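As the structure is a computational prediction, the values presented were derived from the model and not from experiment. Just so it is clear: chains get the letters A, B, ... in the order the sequence lines come, proteins before strands, and each one is counted from 1.
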Amino acid sequence: MKQRVKHFLLQHGPVLLSFVVFLLVYFAGSRMYPAMQKPQVFFNLFINDASLLLVSIGMTMVILTGEGGIDLSVGGVIALVSTASAALLRAGVNPYVVIPLMIVLGIAFGAMMGWIIQYLKVQPFIATLMGLYLARGVAYIISLTSVSIADPVYKQIALTPIYLPGMENVYIYPTSLVGPVMLLVTIYLSFFTRFGRTIYAMGSNEQSAILMGLPVARTKILVYAFSGFCSALGGIVFSMSLLAGYGQFASGMELDSIAAVVIGGTALTGGVGNVIGTLFGVLIHGTIVSILQFNGTLSSWWTRIGVGLLTLVAIGIQSIYTLRQKRS
Amino acid sequence: MVEANKEIVTMKGIYKSFLSVQALEDVDFTLNLGEIHALVGENGAGKSTLIKVLTGVEQPDAGVVMINQQKMTIRSPQHAQEIGISTVYQETNLCPDLSVAENILIGREPMKWGLVIDRKAMNDNARQILQELGVDLDVTQTLGECSVAIQQMAAIARALEISSVKVLVLDEPTSSLDMSEVDQLFQVIRKLRESGVGIIFITHFLDQVFEVSDRITVLRNGRLVGTYETTSLARLELIQKMIGRSLAAYDNMTQTKLESSQHIESEALLEAKEVGLAGSVEPFDLDLHAGEVVGLAGLLGSGRTEIARLLFGIDKPDKGVITMDGEVIKNYSPLDSIMRGIALCPEDRKAQGIVGELTVRENIILAMQADLGWFKYLGMKKQYEIAEEYIKLLNIVTPSADQPVKNLSGGNQQKVILARWLATNPRLLILDEPTRGIDVGAKAEIQKLVLLLAEEGKSCVFISSELDEVMRTSHRIVVLRDKEKTAEFSGDVDEPTIMHAIGGSE
């Protein structure tokens, strides 16, 4: 039994740690600003960081594949999807056509980058950086200014609060549910399907995975397509909550998302970590933002400083873990 | 048994080259169902390449691969598995971050409702497969936490699990297993042979070849030497076929040794008196003379490497004194040792010695450059001169001095390291396991080289776990046991005497 507990801790230490850090940060915040003790403030995290959670889920899977796997295009895809859908809606296209179209766009965009990475042997960093510029560029070509959305369906989804049962006056929006649902789907994918396990095997040792006869090439393309899918969802959610589309949206979100993944205990070298940790990484990010909002006088750049420090600590802990494993 | 003796694999006229190296040249190979076929040859003979062609990792430049008498292009390892060829590669190719059970079954996990991996069934299944191999352990633990032997067993278990396996390839499966584990493995292999599986077995251990195989195919320098019935081939014959020349070189060694022993200086070059380090090695006396090879024999962990570390100044002794040229050594550090003319070839060449990406020339120049200091530049012409000189002297097989070292075979990599230290012109050369992992022919060459160096007036310390090579190479043998020097032999001693000293039995 003791052995099992030790195993569990060794294996899931970084993820558990992100949970503990989240509790600590939130606790500290609610001591400083008692208003944070209201349940609504907690649920606001899901409202405010809905898109960040979505892209971070995709990012986690990409980073898990190892070999420098990363997706820098997520913010660009959000900008592109929001602008394109706003433009299409303004042109009178049915929203039930626009939404699936945007999802297909995201998947195709991700798959294209995956194909370039796998078959043209371009570094993921470079291929997805290109993707970022391309997506943002196209968004600006569609419109140089922000395009507002007046579509009734979008408006209804964006502005209808869902009151949580059993709690008084605590609500979320339909868009904030997409992230948690995707989280569940991804947990299923990563632990209970061959697709997910192949990702972990690749991240652990890609050469081995190839020799074990696993479909590495296909999986790599699928992972980037999956991240594109998550980003497209993020873009739709983003455009719904702001009721607009703009090429400047979500600038720098790729870095926030990478930070959330790392703080959540996923190793940048791949193979270790999971999306549950990423959820806490995103929540930590959101909590720091909330604390600053409650303070009201501090520069919003303190968010970046806080996230930066936590990322550093998380990477430090990962290094210690890897070192210890190597030694034993 | 039904299909026994039917040809399952036929490879004809296989050619394969990497960059400038011809790895395989017109090689034929056949495997029958229900046989164990050993594939032997020195390092760099082309065994692994042949296997990679068969298992779809590499595509041949020319030649035909037939499975079940049908011409086939094996596209990928995945494809190979689909047609029933299963492989355990030389270096365990598994994923350290996944569980043992997953490593065995990933890609073929049992599914629940066709949607979800059935983890319980997977773990049970894996446990059962391992139990058949005689291994009982918690299959949910991460593979990286297991010993190398267990990892090897998991790799074999994975290969066996493929239900339709017709051909099983084992590339050096026993190198990390102990005797009883090897026996277990052989039982399993024999059982598989009974059930009609064709097994290709690659190993450096000739005892094992003769113990389990039915037929032997010998490769040398990428060419086929021949295929033989195991029962019709004598051991010496096999070695000759592998190295392509008679063992006369071996027998000459005794003669060389005798002759070179006349050149031993009577004055000690280095003298250690009551030198010891708590927790590392008990106090010992040792004197090393120019022109002499001193062998350190003993089991792994008996203190051989620890002595080397003290002599080279990596560790500082807390007892006793070391004198060199009659002067007491005060500064212990590798750099000071290099200045004094001591060189150490470390045990683990991959981790501590070779820089694979650099060329042969660059690797040879490395230590010399350090000796010169980083800012003194050694002319390019001079560098090539030195590199060419050692390539010739040590008989390093490489297309040119500009070849990256990683493209060389193990034995040649070892020679490059040796050249690196020789280039600094040391007076005392410490060689820790210089022949590990290299083949018979290259071993003999390195042993001869050591004697040659001694004859030129260098003092050599030769460390090895293989007693016969210590005996063949050394003028004097120091035996260690449990971190303590227990005996010293010079002149003629027989193997049992030394064995007793190593083992500590009377």
Side-chain angles (χ1 to χ4, degrees), chain A residues 1 3-14 64-67 184-185 187-219 265-267 269-274 318 321-328, chain B residues 51-52 55-57 74-83 85-99 101-119 122 137-138 140-147 151 154-155 158-159 161-162 169 171 351:
Chain A
M1 187 61 206
Q3 197 64 21
R4 288 203 90 99
V5 171
K6 206 179 134 199
H7 270 165
F8 184 80
L9 284 178
L10 254 171
Q11 249 176 303
H12 302 286
L64 276 173
T65 60
E67 302 269 311
L184 292 177
V185 170
I187 289 171
Y188 159 74
L189 280 176
S190 46
F191 295 114
F192 298 103
T193 66
R194 284 187 184 159
F195 168 65
R197 298 323 289 167
T198 303
I199 290 174
Y200 279 85
M202 283 163 68
S204 188
N205 187 337
E206 184 164 325
Q207 198 53 37
S208 293
I210 293 171
L211 291 176
M212 285 165 118
L214 300 175
V216 168
R218 188 177 73 204
T219 307
T266 298
T269 46
V272 178
N274 59 51
Q318 278 178 23
Y321 258 81
T322 353
L323 275 181
R324 175 152 326 147
Q325 275 181 348
K326 278 220 181 93
R327 226 175 280 149
S328 72
Chain B
I51 292 312
K52 283 185 175 158
T55 54
V57 180
I74 300 168
R75 293 186 302 270
S76 65
Q78 222 180 325
H79 184 212
Q81 288 186 9
E82 279 162 22
I83 58 176
I85 302 173
S86 192
T87 315
V88 178
Y89 291 95
Q90 188 167 4
E91 313 205 330
T92 35
N93 273 288
L94 296 172
C95 298
D97 296 319
L98 301 186
S99 76
E102 273 194 297
N103 268 293
I104 295 174
L105 289 161
I106 190 166
R108 301 185 286 273
E109 306 94 333
M111 302 297 269
K112 246 192 295 193
W113 319 303
L115 280 173
V116 180
I117 292 172
D118 188 344
R119 287 192 169 245
M122 179 175 78
L137 82 161
D138 176 14
T140 60
Q141 63 180 314
T142 318
L143 185 84
E145 294 169 25
C146 300
S147 71
Q151 295 189 17
R158 175 177 177 81
E161 197 281 328
I162 300 174
V169 183
D171 191 353

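We find that B:E109 and A:R197 are not joined by a salt bridge, their nearest charged nitrogen and carboxylate oxygen being 4.0 Å or further apart.
Scanning both residues, B:M111 and A:F192, for their nearest heavy atoms gives CE-O, 4.5 Å.
When each of B:T55, B:N103, B:I117 is scored by its heavy-atom pairs under 4.5 Å with chain A, the top score falls to B:I117.
Atom CD1 of A:I210 is separated from atom CD of B:Q78 by 10.5 Å, given to the nearest 0.5 angstrom. Atom OG1 of A:T269 and atom CG of B:D97 lie 7.5 Å apart (nearest 0.5 Å).
In this structure, chain A has heavy atoms under 4.5 Å from both the backbone and the side chain of B:V116. Heavy-atom distances place both the backbone and the side chain of A:F191 under 4.5 Å from chain B.
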